[in-house]
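Read the structure below first, then the notes.
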Amino acid sequence: MNDKKVKSITSKSENLTQWYTDVCTKAELMDYASAKGFIVYQPDGYALWEEIMHYLDKRFHDLGVRNVYMPTLIPMSLLNKEKEHIQGFAPECAVVTMGGSKTLAEPMVVRPTSETLFCDYFKDIVHSYNDLPIKDNQWCSVVRWEKTTRPFLRGAEFLWQEGHTLHETEAEAREFALSILRVYNDLGRDMLAIPFVMGQKPASEKFAGAVDTYTIEGLMPDGQALQCGTTHYLGTGFPEHFGIKFLGKDNKIAYPHYTSWGVSTRLLGALIMIHGDDNGLVLPPKIAPTQVVIVPIRGDTEPKVIEACKKVEASLNKLNIRVKLDLSNKTPGWKFAQYEMKGVPLRIEIGPKDLEKNQCVLTRRFDSAKVFLPLD
RNA sequence: CGGGAUAUUGCGCAGCUUGGUAGCGCGCUUGCUUUGGGAGCAAGAGGUCAUGGGUUCAAACCCCAUUGUCCCGACCA
């Protein structure tokens, strides 16, 4: 019988790439969409992203950041204003064309990132030092026409947040960029159970248009480092090209110092690869959409078992633990395998034998450790 | 973009050599029996065989063209 379980997904040590794809689809995190490189985020996959959004929104708010939303499309002329920037992104830009007899006044591009849109907006609202700092963030998706795609790790479209801030001085901007980097590092520690390494990129790997690029890097099971988040100090280059100026306290005109920063759904790819095993996904409790699953044994014929399960469910609900009681008519063995595949951190089994002893069985996902606890 | 492979039900595949009623496994629906590691039996539902053309009495199958997808390169902050 164990043969069936082993057959369902490829072994992680045997073929990491195949294993990764198997887990993404069989744990029902995503499905492939009809356009190449695009995916459907299924409820359990999107729920992981929602937990990340909740955490970061709170942390960003504490730093004085507010959420905004920019358009999906960028006029080509706007994108062309910063030379280094357009040279970096042009090869992967998705250019919009209209069907039929309709035509566009000028070529449009689906945003690969939104620096140009933010700067075009900032130039109209920044006039004096009293308008600074500006700290905006947006949650959105961006499109980059990658030739080779993988779920979450590299997609033609991915979800992310991009923050854009303007500051009076270089020192303030640099310090802010680094404070965001520390927030990203905390996200790894508090939510994802991933020990990131904070660092600075060499000139050859900097963001197109940045003075300095900082990243958090995660170590993957294949020995490669995966860039999981970036913050950039962009200097005054963008403001100069877009005409963002302010009158300082000294009554002189100056350009503000610019930062941008982001993390994407690539984080989910790192989460899956780092923690998963041959039985499927393994999720840290803080981010798991379902933290505890209760599996009744012989529930159909033993009303007392259901009753006991519901009692446990209610008490866990009171503790704000995300709990699921599975009363479906699947067999217990199927449920065990299913919730292991989905990475649920803790399983509680309750059956007739347990009721006789007034106990239940707890099994931990990441190391299969079993504990018997009194029902009370 | 270069090389290779492939396209048949939601998924995975057989059938093509040698043209003649559209098949299998999984999944799904219903019923009964089951339930402590992916249950069993029975009855069902589900297909423009990628697209266009050609050959033929007859094409999933043979021929030509087109398109999509996958793998390996190359490319990729």
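Each chain gets a letter, A, B and so on, in the order its sequence line appears, and its residues count up from 1. These figures come from a predicted structure and were not determined experimentally.
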- Message: Can you measure Gln42(A) atom CD to C11(B) atom P for me and round it to whole angstrom units?
- Response: 13 Å
- Message: Closer than 4.0 angstrom, basic N to acidic O: yes or no for Lys12(A) and Asp22(A)?
- Response: no
- Which nucleotide, C28(B), G37(B), G36(B), lies nearest any side-chain atom of Asp354(A)? G36(B)
- If U17(B) has a Watson-Crick or G-U wobble mate with both distances under 3.5 Å, name it; if not, just say none. none
- Task: Take the angle between the ring planes of Phe118(A) and His164(A) and call it parallel below 30°, perpendicular above 60°, tilted in between.
- Result: parallel
Between protein and nucleotides 71-76 of chain B, what N or O pairs are separated by less than 3.5 Å?
{"from": "A74(B)", "atom 1": "N6", "to": "Thr148(A)", "atom 2": "OG1", "distance (Å)": "3.4"}

- Value in whole Å for how far the P atom of U35(B) lies from CD1 of Ile350(A): 19 Å
- Query: Across the strands shown, which category fits Glu349(A) at heavy-atom distances under 4.0 angstrom: base, sugar-phosphate, nothing?
  - Reply: base
- Message: Can you classify the ring geometry of His257(A) versus Tyr233(A) as parallel (below 30°), tilted (30 to 60°) or perpendicular (above 60°)?
- Response: parallel
- Query: Does Thr331(A) put a side-chain nitrogen or oxygen below 4.0 Å from OP1 or OP2 of U35(B)?
  - Reply: no
- Message: Distance check, P atoms only: A65(B) and G3(B), in whole angstrom units.
- Response: 16 Å
- Could you tell me whether Pro352(A) contacts a base, only the sugar-phosphate backbone, or nothing, with contacts defined as non-hydrogen atoms closer than 4.0 Å? base
- Which value, in whole Å, describes the distance between the P atoms of nucleotides A60(B) and U21(B)? 10 Å
- Task: Considering only atom C1', compute the distance from G47(B) to G23(B) and round it to an integer number of Å.
- Result: 11 Å
- So which nucleotide does C11(B) pair with, by the Watson-Crick or G-U wobble rule with both distances under 3.5 Å? G25(B)
- Message: Output the rounded distance in Å from NZ (Lys26(A)) to P (G10(B)).
- Response: 18 Å
- Message: I'd like to check Phe336(A) versus Thr363(A) (side-chain heavy atoms, cut-off strictly below 4.5 Å). Are they in contact?
- Response: no
- Query: Counting only Watson-Crick or G-U wobble pairs whose two distances fall under 3.5 Å, which nucleotide matches G47(B)?
  - Reply: none
- Item | C1' gap between C11(B) and C72(B), integer Å | 26 Å
- Rounded distance in Å between the C1' positions of G68(B) and G25(B): 26 Å
- What integer number of Å spans the C1' atoms of A45(B) and G37(B)? 31 Å
- Assigned partner base of C41(B), Watson-Crick or wobble definition, under 3.5 Å: G31(B)
- Message: Could you tell me the Watson-Crick or G-U partner of G2(B), where both distances fall under 3.5 Å? Say none if there is no partner.
- Response: C72(B)
- How far, in whole Å, is G40(B) from U6(B) if one measures between their P atoms? 34 Å
- Query: With both distances kept under 3.5 Å, what pairs with C62(B), Watson-Crick or G-U wobble?
  - Reply: G54(B)
Show me the donor-acceptor pairs, under 3.5 Å and distance only, between side chains in residues 262-274 of chain A and residues at least two apart or in other chains.
{"from": "Ser264(A)", "atom 1": "OG", "to": "Arg266(A)", "atom 2": "N", "distance (Å)": "3.0"}
{"from": "Thr265(A)", "atom 1": "OG1", "to": "Tyr41(A)", "atom 2": "OH", "distance (Å)": "3.1"}
{"from": "Thr265(A)", "atom 1": "OG1", "to": "Leu159(A)", "atom 2": "N", "distance (Å)": "3.4"}
{"from": "Thr265(A)", "atom 1": "OG1", "to": "Leu159(A)", "atom 2": "O", "distance (Å)": "3.3"}
{"from": "Arg266(A)", "atom 1": "NE", "to": "Leu153(A)", "atom 2": "O", "distance (Å)": "3.0"}
{"from": "Arg266(A)", "atom 1": "NH1", "to": "Gln227(A)", "atom 2": "O", "distance (Å)": "3.0"}
{"from": "Arg266(A)", "atom 1": "NH2", "to": "Leu153(A)", "atom 2": "O", "distance (Å)": "3.3"}

- Met341(A) CE - G37(B) P separation (whole Å): 18 Å
- Message: Using atom C1' in both nucleotides, what's the gap between C57(B) and U66(B) to the nearest angstrom?
- Response: 29 Å
- Item | For atom CD1 of Ile297(A) and atom P of A39(B), their distance in whole Å | 12 Å
- Item | Exam field: side chain Tyr20(A) to backbone Pro151(A), donor-acceptor pair closer than 3.5 Å | yes
- Measure from the side-chain heavy atoms of Pro332(A) and tell me the nearest of G38(B), C28(B), U35(B). U35(B)
- Of the nucleotides U35(B), G38(B), G37(B), which one has an atom closest to the side chain of Trp334(A)? G38(B)
- Task: Applying salt bridge (Lys or Arg N to Asp or Glu O under 4.0 Å) between Glu340(A) and each of Arg364(A), Arg365(A), Arg347(A), report the one that passes.
- Result: Arg347(A)
- How many Å lie between CZ on Arg298(A) and C1' on U34(B), as a whole number? 8 Å
- Query: NZ of Lys353(A) versus P of U35(B): gap in Å, rounded?
  - Reply: 11 Å
- Val361(A) vs Phe207(A), nearer the 5' end of RNA chain B by closest nucleotide: Val361(A)
- Glu28(A) CD - C11(B) P separation (whole Å): 15 Å
- Item | Over 12 foreign heavy atoms within 6.0 Å of CH2, Trp139(A) | yes
- Task: On the 0 to 90° scale, with breaks at 30° and 60°, tag the Phe242(A)-Phe238(A) ring pair as parallel, tilted or perpendicular.
- Result: parallel
